[in-house]
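Below is one structure, written out as structure tokens; comments come after it.
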Number of protein chains: 2
Amino acid sequence: MTLRPVQVNIKARDEAALGRFWADALDWATSSEAPGVINLEPRGFDWPDPAALTVDLVRIPDTARVRYRTHVDLATTSVEHEAELVARLRGLGATPLDVGQGKVPWVVMADPEGNAFCVLGAR
Amino acid sequence: MTLRPVQVNIKARDEAALGRFWADALDWATSSEAPGVINLEPRGFDWPDPAALTVDLVRIPDTARVRYRTHVDLATTSVEHEAELVARLRGLGATPLDVGQGKVPWVVMADPEGNAFCVLGAR
């Protein structure tokens, strides 16, 4: 099955200010799913839109210490799809990655050169 | 005018190997516009597709020394649109960024927190 990245995740010192910049730059709408997170979406977006890309800005204490500030996320449509995709990606050379994420509804992985990306759970 | 990121640019030590991983992961097609560059596109993609996102893998000598390995690109439709967008982005707080790009058909900029991104020329 053909996949596509659905989201770009950018770490921010000041997610509100950086969110305003990118919302103004793209003329997108903003919302916030949780404190420290600004979600940027094309106007009229309704998750999951099979064609749209979204941008999330996530506050972290010290962006200077983060090796990769920007990564892509892949979407899944069910628990079974998520498990199948993670297994397939591991077979291709991706590895699980612990960035201190704890128990979250997505799987953090690294590509063969160590670039972080996430497989999102179904929503 | 509403914009959207059209491309994710990822630096690679071995763009061929990393390109194979991501092409297999996404089930996308690959091409190469230049030595050291692997272009990943959804099957059937025809630039510029107003809905699709593409991924470019670009070889650099030493990925460990690059601060930001992944960035987004914005598309423009004409020389005038490019100039207008760059001026608007500067008004919002973006700044020109010299990463040693030399003379290229795109504009490298930094968002207010220093994240690199590019405004692509019309194709």
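Quick note on labels: first sequence line is chain A, next is B, and so on, each numbered from 1. Predicted model only: the values in this text are computed from it and were never measured. These numbers come from the heavy atoms of this one structure, side chains and all, not from hydrogens, waters or symmetry mates.
- Put simply, of Val8(B), Asp111(B), Val55(B), Leu89(B), the one with the most heavy-atom pairs under 4.5 Å next to chain A is Asp111(B).
- In this structure, Trp22(A) has its ring center closer than 6.0 angstrom to the ring center of Phe117(B).
- Contacts with chain B were tallied for Gly114(A), Gly93(A), Ala94(A); Ala94(A) has the most, counting heavy-atom pairs under 4.5 Å.
- Val86(A) and Leu74(A) fall within the same hydrophobic cluster, defined by Ile, Leu, Val, Met, Phe, Trp and Tyr side-chain heavy atoms under 4.5 Å apart, directly or through other members.
- Look at Asp27(B) and Arg43(B) and you find a salt bridge, because one of the NZ, NE, NH1 or NH2 atoms lies within 4.0 Å of a carboxylate O, short of that distance.
- With a threshold of 4.5 angstrom between heavy atoms, Ala17(A) does not approach chain B through any atom at all.
- For the pair Arg88(A) and Asp24(B), the salt-bridge criterion is not met [side-chain N within less than 4.0 Å of a carboxylate O].
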